[in-house]
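In what follows, a single structure is set out as structure tokens and then discussed.
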Amino acid sequence: MDELGKFLKSRRARLHPADCGLGCYGERRRVPGLRREELAQLAGVSVSYYARLEQGLGQNVSDAVLNSLARALRLDEAEHTHLVALARPKRSATGRAPRVARQLPAGLRRLMAMMGDVPVMVLSPTADVIAWNPLAHAVFGRHHEVLPNMTRLIFLDPSTRALFTNWEVKARSVVAHLRMVAARFPTDGGVRALVGELLASSSEFAALWEDHSVANCDSFTNVLHHPQVGELTLFQEVLRTEEPELMLVAFTVEPNSPSETALRLLGTLAAEHADRRVTVS
């Protein structure tokens, strides 16, 4: 079964016939969630056609069929986008992620330099840190002099794990985002290598990956316990840039909150060890 089939099966497994207006009649069911024939009925397609989709044999799936499946499976926007990406892999671009330039555009560099009081970093699609300012480094990577991959840190770095009070929620969000990236770039060697490394190194990553959850992580609330300043709640916002595939990630705090005080203190401590230049590999 290919990725499209696995995703479809995982999404129908979470639905119950009664939730979809289908009779259950108390019979014993061999599979969780909807059967293939039940989903086919809801989506208005033949059982044999839907079975071919789950077996990876469907080609040139129409918008109408994908939209019907999305409605029947009650997919959210991110899941619907993921379904389309799986059904129509990017063959024209060989499915590879564009190579991200390590030299930031001048405008983006100036913007980061002026955001000295806000933790900010620039990430690639796979969460490689292309750049971060001293305050972001002080929050998320004070033990790392080489620019890291944030997904790898979340699962394989003990200090990063200890930093996140809401690690389980953060980990699930990170994996859901990486699944969307993997669907967009199905033949990219870097994406495959990262997923393979994490599958081999982290049973927790493997369990979350098997769940097939997908989500955009543009907005997220990071609840941290920082070893230098204590409790810190940072609101994450992702901004798209003029450079394809680069994400500018900024972290803000509630005004006049303990987190604002803690972040200001951390900025003072960071300034003692680094100037305000953007750190770039």
Side-chain angles (χ1 to χ4, degrees), residues 102 118-182 190-215 217-238 247 249-253 258-259 261-274 278-281:
R102 296 286 164 164
V118 177
V120 60
M121 62 179 71
V122 175
L123 300 180
S124 74
T126 53
D128 290 324
V129 179
I130 307 303
W132 53 12
N133 66 359
L135 191 51
H137 180 254
V139 173
F140 296 104
R142 62 193 188 93
H143 298 302
H144 303 277
E145 296 305 321
V146 177
L147 293 173
N149 176 279
M150 291 304 297
T151 302
R152 187 178 287 112
L153 289 188
I154 289 291
F155 284 96
L156 304 183
D157 180 61
S159 63
T160 301
R161 180 173 185 137
L163 176 66
F164 284 90
T165 302
N166 62 340
W167 183 89
E168 290 81 4
V169 180
K170 180 68 174 180
R172 183 173 294 277
S173 172
V174 165
V175 174
H177 170 75
L178 183 56
R179 261 218 173 271
M180 294 193 73
V181 172
V191 177
R192 287 185 169 186
L194 177 62
V195 172
E197 176 190 357
L198 292 169
L199 285 172
S201 304
S202 171
S203 60
E204 290 164 311
F205 177 88
L208 291 171
W209 189 255
E210 187 64 23
D211 186 57
H212 289 270
S213 293
V214 293
C217 58
D218 288 0
S219 296
F220 187 82
T221 301
N222 298 276
V223 184
L224 312 177
H225 181 80
H226 197 277
Q228 289 180 290
V229 297
E231 303 305 314
L232 191 59
T233 298
L234 297 178
F235 303 105
Q236 170 182 309
E237 298 295 337
V238 175
M247 300 178 291
V249 187
F251 301 89
T252 61
V253 294
S259 290
T261 302
L263 188 63
R264 188 179 299 114
L265 173 59
L266 189 59
T268 301
L269 296 174
E272 297 175 357
H273 302 286
V278 176
T279 304
V280 185
S281 63

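Residues L178 and F205 have side chains in contact (heavy-atom distance under 4.5 Å, counting atoms from C-beta outward). Annotation: side chain of L263 is in contact with side chain of V139 (closest heavy-atom distance under 4.5 Å). Counting only heavy atoms from C-beta outward, the side chains of L163 and H226 approach each other to under 4.5 Å. Side-chain contact check for L234 versus Q236: every heavy-atom pair is 4.5 Å or farther apart. Residues V249 and V122 are not in side-chain contact: their nearest non-hydrogen atoms beyond the backbone lie 4.5 Å or more apart. In this structure, F251 and M121 have side chains that are in contact, with non-hydrogen atoms separated by less than 4.5 Å. The shortest side-chain heavy-atom distance between P258 and E231 does not fall under the 4.5 Å cut-off. Under the 4.5 Å side-chain criterion, counting only non-hydrogen atoms from C-beta, Q228 is in contact with R142.
Rounding to the nearest 0.5 angstrom, the gap separating the CZ atom in F155 from the CH2 atom in W167 is 5.0 Å. To the nearest 0.5 Å, the span separating CG on L135 from CG on L266 amounts to 5.5 Å. To the nearest 0.5 Å, atom NE2 of residue H144 and atom CG of residue N149 are 11.0 Å apart. Rounding to the nearest 0.5 Å places CD of E168 at 6.5 Å from CZ of R161. A distance of 8.5 Å separates CZ in F140 from CD1 in I154, rounded to the nearest 0.5 Å. Here OG1 of T151 is found 7.0 Å from CG of L198. Values are rounded to the nearest 0.5 Å.
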#### Entry: Evaluation steps, side chain to side chain contact (heavy atoms under 4.5 Å, CB included), between S202 and L156
CA-CA 7 Å; S202 171; L156 304 183; 4.3 Å; yes

### Query
How far apart are the C-alpha atoms of L123 and D128, what are their side-chain angles, what is the distance that settles it, and do they pass the side chain to side chain contact (heavy atoms under 4.5 Å, CB included) test?
CA-CA 5 Å; L123 300 180; D128 290 324; over 6 Å; no

### Message
Before you tell me yes or no, could you show the steps for V195 and R192 under side chain to side chain contact (heavy atoms under 4.5 Å, CB included), namely the whole-Å CA-CA distance, both residues' side-chain angles and the distance that decides it to 0.1 Å?
### Response
CA-CA 5 Å; V195 172; R192 287 185 169 186; 5.9 Å; no

### Task
Apply side chain to side chain contact (heavy atoms under 4.5 Å, CB included) to I130 and S124, showing your working.
CA-CA 7 Å; I130 307 303; S124 74; 4.3 Å; yes

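Of the possible donor and acceptor atoms, none in the side chain of N133 sits under 3.5 Å from a partner among the backbone N and O of P119. Judged by distance alone, with hydrogens and angles left aside, the side-chain atoms of S259 form a donor-acceptor pair with the main-chain N or O of T233 at under 3.5 Å. At distances below 3.5 Å, at least one donor-acceptor pair connects side-chain atoms of H137 with backbone N or O atoms of G141. Proximity of a side-chain donor or acceptor of D157 to a complementary backbone N or O of T160 within less than 3.5 Å is detected. The main-chain N or O of V169 is never found under 3.5 Å from a side-chain atom of S173 such that the two would form a donor-acceptor pair.
Here the closest non-hydrogen pair linking P134 and A270 is O-CB, 4.3 Å. Across all non-hydrogen atoms, the minimal contact from P148 to L153 is CG-CD1, 3.6 Å.
Checked against K170 for a side chain to side chain donor-acceptor pair (under 3.5 Å), the options T165, N222, T221 give a single hit: N222.
When the shell of 6.0 Å around CD of E237 is examined, it contains more than 12 heavy atoms from other residues, nucleotides or ligands.
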